[in-house]
Number of protein chains: 4
Amino acid sequence: MSLPRTGPVRSEAARLAILEATAALFAERGYEHLTIEGVAARAGVGKQTIYRWWRSKGALVAECLLEGLLFDDRLALPDTGDVRADMQAWLTTVFAVIDAEPGLVLSLLAAAAEHPEVGARLRDSLTGSASISGRLDAAIGSTTALRPGVATEQLAEALIGAVVLRALSRSSSDADDAARLVDAILGDAAD
Amino acid sequence: MSLPRTGPVRSEAARLAILEATAALFAERGYEHLTIEGVAARAGVGKQTIYRWWRSKGALVAECLLEGLLFDDRLALPDTGDVRADMQAWLTTVFAVIDAEPGLVLSLLAAAAEHPEVGARLRDSLTGSASISGRLDAAIGSTTALRPGVATEQLAEALIGAVVLRALSRSSSDADDAARLVDAILGDAAD
Amino acid sequence: MSLPRTGPVRSEAARLAILEATAALFAERGYEHLTIEGVAARAGVGKQTIYRWWRSKGALVAECLLEGLLFDDRLALPDTGDVRADMQAWLTTVFAVIDAEPGLVLSLLAAAAEHPEVGARLRDSLTGSASISGRLDAAIGSTTALRPGVATEQLAEALIGAVVLRALSRSSSDADDAARLVDAILGDAAD
Amino acid sequence: MSLPRTGPVRSEAARLAILEATAALFAERGYEHLTIEGVAARAGVGKQTIYRWWRSKGALVAECLLEGLLFDDRLALPDTGDVRADMQAWLTTVFAVIDAEPGLVLSLLAAAAEHPEVGARLRDSLTGSASISGRLDAAIGSTTALRPGVATEQLAEALIGAVVLRALSRSSSDADDAARLVDAILGDAAD
DNA sequence: GCTTAAGCGAGACGGTACGTCTGGTCTTTGG
DNA sequence: CCAAAGACCAGACGTACCGTCTCGCTTAAGC
């Protein structure tokens, strides 16, 4: 596979081929078994072209994460207006994904543990893009836990954290687990 | 007619030397840079002696974890009777450890992401030995979040999860962060 | 006080496979295009097994030379009793080989220029094993140049040197050239 | 009517800078470690400018040789009228140079082995410019070996060849060796 | 006490991937 | 429109570890 040659400015074609190869290999074999040589071969690129622009495997994965090449749309938080129901539905989906493809999340965690840049991006991806704390803010007053003045950002972090822990401990989780977790975090409906 | 079992038995000295070398190298260089060859050399042991008894680097680390060789005593949850104060104090300490030696926790997370056995043990170590959910159970009724029937185990998980997330995202945290997190999880004092 | 333990021993099979692969690739592609990776692949051997026992490509080639894997029997000096005729016949053969496969000799020269060990072995192979100076010694008195007291070793060196020069300059040489050279070195028949 | 094709012409400055950089790097690091990239960097020139005008590293070195950039004047054959003495003196100098800077000659030999053009030029440089065979011709009759009808060109070749062989085999040589070699080639003084 | 087989230290083996270096080609940009 | 600069693909370099496999030694259980 040969790419169209470009000049002494950075080749966008090469960059894209590399990121796509990274995402594909990451999905297929996981972070641990992702190799620079494998990416280079798959992308039809010289190894040096990777080393020229990325410092490490982790930086490569971080950029994939940033470009949204690693997550699909299943993991978006739904918005029906009912925070509790939305969160339960979302958590149930997330648990199902972790059960079905534990490697995806675990690989991401391994990458995050190894490279600060992945860690930072991962947190943004999880708390930010799913915008959980935003939804919690909007629902303040509707449950006992969401009382005025509560730090919704920490609640969101705790929720995501619980998910991460379940992934790490390989405990398989179902809809009931999701409900229990949401109830624990949100409290009862406000009177 | 059974074949006679003869021959020497497993060397306890070798086992201990290996676990100690593993713990030392883990602390010095982190999980990623821990190598079986390095452990063998440090322990003054043949590689085969390691492979005979452990299936992988992860199994080695998991056993160290189980034997308490990786954590020191700083990380025990204090018990003054005041749950909120105890948790804040504990979290503050944990955050300080993460800030001071991020490698320790991150390496453990990397190991957990790679090896199920480490993940399982890690969760036990964190939630079990600190026995957070036990303390929460005992405090039911004392805060708005600790209402009767709440799943304290999920609350404990969420709390630990938040800690893990902060470690992964390398956000440095202080006593205020600890307080905010505890307040978000526990809610207000009960009336 | 413990004696050094012995451990596994060097694999003769690997050693031979490596030398044979080296000789084959040397003959096929020449010294310049001989690569350690190629030798390892051809020999079915890990690269480290080569680096463990040889310091360089040159050392490898030198050992092949020493084991006689690079030269075939065409290049042995015949012995009919007539020194002049033998030398002419031999030179004619050597010139023919150089004309037909210049790469063989040139590669050897390149290797010798790069690695002292090859140079030393090459000289031994050429002057020693062909034992030209021995033949000259035996013929002392039979030609004007082979007078008593003459340094036959230098004469042999000069002869071989002339051959090397012709190889380097790619001048194709025939039987007449061989005769002229032999006559120049040996002088006329003694009266 | 067509305008004369103008356009820039080959830059003499670039050509000289390249040749000088080549000669300098050759002297410093030898033929093996001479790289096109190194030459380009040293000459302040793009790699393509080299590849445009020379086909290979060898061609570059050959042109340096032709321009006399590689040899200094030490290596000229003196002319006192006494052939034997002149040759001994010259050989002694040559041996000393080889002993002191073996890399220079060896690098040249490596280049010659790799590239025909260098080989041809090298032979011309050595036999031609030192014009040994001319001197031998002029001395015909003065020694037993220099009898009428002898092929002085082959004698010259043999002499140079002996020098080349000594360089290749790294045998250090002194004035006595020079004398022995000259005596072997020239024979005794004619009666 | 002798036999004998497993555990031991050591380390060679076939491999994979690393991160670096150079070769030779091809473009862009500036003079 | 040439020459500098340098990005590109390709692939060899020498190193680090992997996990497996002998080696010869030591040692404890069972005859």
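Side chains are part of it too, since the values below use all heavy atoms of this structure and drop only hydrogens, waters and symmetry mates. Proteins come first, then strands; the chains are lettered A, B, ... in the order of their sequence lines, and each starts at number 1.
One distance of note links CG of C/Leu69 with OG1 of C/Thr22; it measures 9.0 Å at 0.5 Å rounding.
Distance, C/Arg42 CZ to F/dA12 P: 14 Å, rounded to whole Å. The separation between B/Glu12 atom CD and E/dG7 atom P is 15 Å, rounded to whole Å. Going from atom CH2 of C/Trp53 over to atom P of F/dT15 covers 16 Å, rounded to whole Å. Rounded to an integer number of Å, the gap from NZ of C/Lys47 to P of F/dA12 is 9 Å. When the P atom of E/dC18 is taken as reference, atom CG of A/Leu60 falls 11 Å away, rounded to whole Å. Between C/Ile50 atom CD1 and F/dT15 atom P there is a gap of 13 Å when expressed in whole angstrom units. Whole-Å rounding puts the D/Arg52 CZ to F/dA5 P distance at 13 Å. Note: NZ (D/Lys57) to P (E/dT22) measures 11 Å, nearest angstrom.
Comparing E/dC8, F/dA4, E/dT29 by their nearest atom to the side chain of A/Val9 picks out E/dT29. Comparing F/dA7, F/dC21, F/dG14 against the side chain of B/Gln48 picks out F/dC21 as the nearest. Checked against F/dA7, E/dC13, E/dG9, the side chain of C/Arg10 finds its nearest nucleotide in E/dC13. Of the candidate nucleotides F/dC9, E/dG19, E/dC8, E/dG19 has the atom lying nearest to any side-chain atom of A/Tyr51.
Counted within 6.0 Å of CZ on B/Arg29, heavy atoms from surrounding residues, nucleotides or ligands total 12 or fewer; the atom is thus considered open. Counting heavy-atom neighbours within 6.0 Å of D/Arg52 CZ, excluding the residue itself, gives a total above 12.
In this structure the side chain of B/Phe26 never reaches within 4.5 angstrom of the side chain of B/Cys64, judged on heavy atoms.
Remark: C/Glu117 engages no residue in a salt bridge (charged side-chain N to carboxylate O under 4.0 Å, His left out) (not counting sequence neighbours).
Looking at residues 31-39 of chain A, you'll see A/Thr35, A/Ile36, A/Glu37 sit with a heavy atom under 4.0 Å from some atom of DNA chain E.
Each of C/Leu108, C/Leu19, C/Leu66 was compared with C/Val61 under the side chain to side chain contact (heavy atoms under 4.5 Å, CB included) criterion, and only C/Leu108 meets it.
Residue D/Thr49 places at least one side-chain N or O under 4.0 Å from the OP1 or OP2 atom of F/dA4.
Annotation: side chain to side chain donor-acceptor pair (under 3.5 Å) contacts involving residues 8-19 of chain C, sequence neighbours excluded, comprise C/Glu12-C/Arg15, C/Arg15-C/Glu63, C/Arg15-C/Glu67.
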